[in-house]
Number of protein chains: 2
Amino acid sequence: MVDDIDKKILQELKDNARISFANLAREINLSPSAVRERVQKMEDLGVIQNYVVQTDNKMLGYDLEAFILIKVFPGKLKHVIQSITEFPEITEAHRITGNQNIHLKVLIKDQIHLQKLLDQLMDFGDTNTFLILTRIGD
Amino acid sequence: MVDDIDKKILQELKDNARISFANLAREINLSPSAVRERVQKMEDLGVIQNYVVQTDNKMLGYDLEAFILIKVFPGKLKHVIQSITEFPEITEAHRITGNQNIHLKVLIKDQIHLQKLLDQLMDFGDTNTFLILTRIGD
DNA sequence: CATGAAAGCATAGGTTT
DNA sequence: AAACCTATGCTTTCATG
């Protein structure tokens, strides 16, 4: 379903998702049309979900990033899950195992906005916030 | 330094990083060359860091994702930070504030591999693992 | 999966505002 | 300075084998 050639293609796209099919074809010694067909197939299958740009958030005026764990109040989980999409600050949200059931990654301009967000999240459950200091690796 | 037009460009690239400059130009009513210049400038400034593909990890044979918090043993932090890049399972790593000082996101084939990883990480400090059940939103 | 041809796109340099 | 125009070479796309 996804063979070694497909994996090579994915590896290249992980490095540079804007590479042209022609250049990608040269990298892996295949014709451009074959590469295109494989990529299309993976898009159709859902193996490839999206192509995104990664930005320097500090340069865009967002000085704070944090992880927030929430222990949602009993019976409120469904409501919380629905509400989460309405927060533009939340860049990632996951249900997780353990004593706390929601894990958020948030991107925020400054301390004041973080405080406001936490005030709102407190209606959902008990929160536990970890500020991100630096990214490791890359 | 980054104006409203640049922000529009970034928004489009967040949706689809493989869009052509020509199409992007049509979306925001600018000439292709102007769009290209702006993108180039943002790449040079470091505002745009990278273009990446997002994949369905389950379809690629990785059934488990987890967050792992580590309270690193005293004096070992520098060593841990250097070692982290050598784990292919670790897809994201951050230094964080709080009682625990490292936050990892890991991508793993199955429980056996998770166990192996946790055994290795236990040399770094006390670990706290949260399995990811589902992604919320999107 | 490769080839080939038509249409569309990227890119550089010069021009305009 | 920032956006545009234009020409050349590449890339994408799709039909055909």
Side-chain angles (χ1 to χ4, degrees), chain A residues 1-63 88 91 107-110 135 138, chain B residues 1-63 88 91 107 109 135 138:
Chain A
M1 188 161 122
V2 172
D3 64 15
D4 287 357
I5 298 175
D6 289 332
K7 282 180 188 161
K8 270 193 204 170
I9 292 175
L10 290 176
Q11 249 185 313
E12 295 290 333
L13 289 173
K14 254 169 229 243
D15 262 25
N16 173 19
R18 275 186 74 80
I19 190 174
S20 69
F21 291 134
N23 276 329
L24 187 40
R26 277 187 278 270
E27 291 285 336
I28 65 174
N29 299 311
L30 216 66
S31 71
S33 53
V35 172
R36 191 187 168 276
E37 277 167 21
R38 281 169 175 274
V39 169
Q40 192 111 270
K41 196 192 67 190
M42 288 193 282
E43 288 174 354
D44 293 345
L45 284 172
V47 176
I48 289 177
Q49 294 172 324
N50 210 356
Y51 306 96
V52 300
V53 65
Q54 289 186 335
T55 54
D56 183 319
N57 297 315
K58 289 227 170 74
M59 284 190 175
L60 294 172
Y62 292 88
D63 284 346
T91 55
L107 179 59
I108 283 168
K109 280 193 203 298
D110 51 40
R135 194 172 220 279
D138 304 68
Chain B
M1 188 161 126
V2 172
D3 64 13
D4 287 356
I5 298 176
D6 288 333
K7 281 180 189 161
K8 270 193 202 169
I9 291 175
L10 290 176
Q11 248 185 317
E12 294 290 331
L13 289 174
K14 254 169 225 231
D15 262 25
N16 173 19
R18 276 187 72 81
I19 190 174
S20 67
F21 291 130
N23 276 328
L24 221 173
R26 277 188 278 271
E27 292 286 337
I28 65 172
N29 299 311
L30 217 65
S31 73
S33 52
V35 172
R36 191 186 170 278
E37 276 167 23
R38 280 170 174 274
V39 169
Q40 194 114 268
K41 197 191 66 189
M42 288 193 281
E43 288 174 355
D44 293 345
L45 283 172
V47 176
I48 289 177
Q49 295 173 324
N50 210 355
Y51 306 96
V52 301
V53 65
Q54 290 185 335
T55 53
D56 183 318
N57 297 315
K58 290 229 170 74
M59 283 189 175
L60 293 172
Y62 293 87
D63 283 346
T91 56
L107 179 60
K109 279 192 203 301
R135 192 171 221 278
D138 305 67

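Among the atoms of the strands shown, none is found under 4.0 Å from any heavy atom of B:Leu24. Nucleic acid contact class of A:Ser20 (heavy atoms, under 4.0 Å, all strands): sugar-phosphate only. The residue A:Arg26 sits close only to the backbone: its heavy atoms come under 4.0 Å of sugar-phosphate atoms, none of a base.
Shortest non-hydrogen contact noted between B:Val53 and A:Leu10 is CG1-O, 4.0 Å. Nearest approach of B:Leu45 to A:Met59, heavy atoms of both residues: O-CE, 3.1 Å. The two residues A:Ala25 and A:Ser31 have their closest heavy-atom pair at CB-C, 3.7 Å. Between B:Val39 and B:Ile9, the closest heavy-atom pair is CG2-CG2, 3.7 Å. Taking both residues in full, the closest heavy atoms of A:Asp110 and A:Ile108 are given as O-CG2, 3.2 Å, listed atom of the first, atom of the second, then distance. Closest of all the heavy-atom pairs between A:Ile19 and A:Asn23 is CG1-CB, 3.8 Å.
Using a 4.0 Å cutoff on non-hydrogen atoms, the parts of residues 34-49 of chain B near DNA chain D are B:Ala34, B:Glu37, B:Arg38, ordered by number.
Chain A approaches DNA chain D within less than 4.0 angstrom (heavy atoms of the protein), and the contacting nucleotides run 5' to 3' from D:dT11 to D:dC14.
In this structure, the helix from C:dC1-D:dG17 to C:dT17-D:dA1 shows an angle of 30° between the axis at its start and the axis at its end, each fitted on 5 base pairs and rounded to 10°.
Mapping B:Asp3 and A:Ile19 onto DNA chain D via the closest heavy atom, the residue that lands nearer the 5' end is B:Asp3.
Both tests hold for B:Arg18 against A:Phe21: distance to the six-membered ring centre under 6.0 Å, angle to the ring axis within 45°.
Inter-residue side-chain proximity for B:Asp3 and B:Arg38 is flagged as met; some heavy-atom pair is nearer than 4.5 Å. Side-chain contact between B:Leu13 and A:Thr55: absent, with no pair of heavy atoms (C-beta onward) separated by less than 4.5 Å.
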Step-by-step side-chain contact (heavy atoms from CB on, under 4.5 Å) determination, A:Asp6 to A:Met42: CA-CA 8 Å; A:Asp6 289 332; A:Met42 288 193 282; 3.8 Å; yes

